[in-house]
Amino acid sequence: MSHTLAYVLGIIVLIIGIGLSVALHELGHMLPAKHFGVKVPEYFIGFGPRLWSTRRGETEYGIKAIWLGGYVRLLGMLPPARPDHPDKPGSMIAEARAESLSELGPDEQDRAFYRLSTPRKLLVMAGGILTNLALGIICLTVALGVVGQPAYTATLSSVSECVSSDIDAGAACTDADPTSPAAAAGLRAGDTITSWDGTPTTTWADVQAAIAAAGTEPAVVVVDRGGDELQLTITAVEVPRTVYDAAGNPTKDASGEVVTQLRPYVGIGPSLGTVRTSPGDIPQVVGSAVGQTLRAIVTLPVGLYHAVAAGLGLEERSPDGLVSLVGVGRIAGEVSSAGAGTGTGLPLSVRLFYMLSLLGSLNLALFAFNLIPLLPLDGGHVAGACWEGIRRVWARAHRRPDPGYADTARMLPVGQVVFYLLIIMAAILIWVDIVAPI
């Protein structure tokens with residue numbers, strides 16, 4: 001597969017994943033709304049021109065051209081104006097109320113969303129948010145526990161023919177170089193080392209530790225070669241290897257010379273694959289991802305500042321910073337196309353891990369972003385329902401009349417400002433992803 005085709009395929013897979021996430025998010029709103037009797041005339045994935053639709057009962061289901069979101073239309077989201085606080089005729093609020101209630105017939109007024117009890121409103125509006133949280137957790141759990149994290153495995157990608165004069169520099173073999181212990185013992189690329197000197201090995205780290213423990217004594221090595229189990233005896237040799245510090249840089253002595261240390265050498269190289277995370281460690285890893293996403297939303301202005309600074313060339317772009325859908329698409333394309341057409345591409349399991357992690361992170365971002373208690377986000381409606389419930393509980397506790405529905409329509413001007421700010425933020429992040437990509 002060509003690099004370009006693989007790149008495009010990665011973006012297509014991401015778009016499909018986003019579309020499915022949006023579809024399930026909107027189902028999280030629609031299913032409880034229908035269950036509680038709210039009238040739902042439309043359920044669409046995407047925006048813009050309609051590509052396909054069908055009607056089932058009173059609801060039209062469909063797909064639109066631009067898969068950057070979706071919506072489910074619940075009638076009666078906004079309550080009528082209070083008699084003692086009427087709307088200004090022709091105002092944005094008055095028109096929004098009229099549109100919200102216009103499709104409800106005289107015998108359907110009790111099917112308006114605003115008539116739901118506070119707990120039911122919370123279930124409807126939080127349904128989409130919690131769906132994204134669940135999807136994020138599921139994607140990350142499958143990526144970690146089923147596919148596994150990218151790691152070097154106990155399967156060999158290469159076997160050196162010799163002990164070269166400079167192993168760390170990758171010096172080529174010459175006639176004067178001795179045969180490597182691995183080649184002398186008969187190891188081959190593709191062999192999977194299952195134990196070394198009696199120590200079971202499942203990862204490359206296990207193999208390295210076992211080689212170091214055995215030293216230069218003969219070690220019985222068990223390998224899986226095409227389903228057949230073989231036992232080989234390998235005797236490592238000591239060679240000088242460069243010592244690296246915690247940052248991965250060569251350590252130097254007082255005179256500036258690179259420090260070396262004698263270590264057992266066999267002459268094998270690992271292959272890249274995936275290693276499954278222990279079930280007991282998965283909750284901690286996923287919980288950390290959720291926490292980092294919530295912190296990113298809380299510190300959104302700071303993250304946007306650093307993104308702009310990176311776009312202007314004032315600082316390096318942080319790989320953990322904010323990113324737009326353009327940047328996410330670019331990452332998906334690069335993961336899908338890495339090494340395509342060269343024979344050195346990422347293994348399918350590694351690509352699958354990154355795609356699942358990407359979709360999981362996107363769903364966690366949607367979950368956290370929609371928690372912001374401002375319209376037009378779901379969190380704004382959740383906040384309105386909570387305020388309504390608090391007022392009613394307070395009134396009952398003090399034996400006062402029911403204060404009525406929370407008038408979220410009054411927040412529409414603020415919601416409009418937030419909407420424009422979101423567009424501006426999206427445009428800024430797209431610009432940053434173009435001029436200073438991660």
Side-chain angles (χ1 to χ4, degrees), residues 1 3 5-22 24 131-157 190 192-193 201-208 248 269-293 296 318-368 433 437-438:
M1 183 184 295
H3 180 277
L5 182 58
Y7 192 97
V8 173
L9 181 61
I11 295 176
I12 291 174
V13 170
L14 178 69
I15 291 173
I16 293 173
I18 291 175
L20 290 174
S21 298
V22 169
L24 292 172
T131 296
N132 285 129
L133 174 61
L135 287 173
I137 292 174
I138 290 170
C139 286
L140 293 180
T141 299
V142 172
L144 293 166
V146 178
V147 178
Q149 298 188 72
Y152 287 109
T153 70
T155 299
L156 305 182
S157 65
T192 298
I193 298 173
T201 54
T202 56
T203 68
W204 178 242
D206 294 338
V207 175
Q208 288 179 305
S271 62
L272 181 63
T274 53
V275 176
R276 294 173 181 173
T277 303
S278 168
D281 294 333
I282 291 176
Q284 180 182 357
V285 178
V286 174
S288 176
V290 174
Q292 290 175 358
T293 305
S318 170
D320 298 322
L322 299 178
V323 63
S324 71
L325 283 177
V326 170
V328 172
R330 181 176 179 272
I331 293 171
E334 289 181 348
V335 168
S336 178
S337 62
T342 65
T344 59
L346 293 176
L348 178 61
S349 60
V350 174
R351 297 170 196 254
L352 185 57
F353 171 83
Y354 282 126
M355 293 301 293
L356 283 171
S357 298
L358 200 57
L359 288 173
S361 298
L362 278 173
N363 275 283
L364 291 183
L366 287 172
F367 154 73
D433 283 330
I438 293 177

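Since we're looking at a predicted model, the values are computed, not measured.
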Are any non-hydrogen side-chain atoms of [X] and [Y] less than 4.5 angstrom apart?
X: I282; Y: V285; value: no
X: V147; Y: F353; value: yes
X: D433; Y: V323; value: yes
X: L133; Y: N363; value: no
X: L272; Y: Y152; value: yes
X: V275; Y: Q149; value: no
X: L140; Y: L364; value: yes

For [X] against [Y], the heavy-atom pair lying closest together:
X: A368; Y: T293; value: CB-CG2, 3.8 Å
X: G10; Y: A332; value: O-CB, 3.8 Å
X: V350; Y: P150; value: CG1-CG, 4.0 Å
X: L156; Y: I193; value: CD2-CD1, 3.9 Å
X: G360; Y: C139; value: CA-CB, 3.6 Å
X: V290; Y: F367; value: CG1-CE2, 4.4 Å

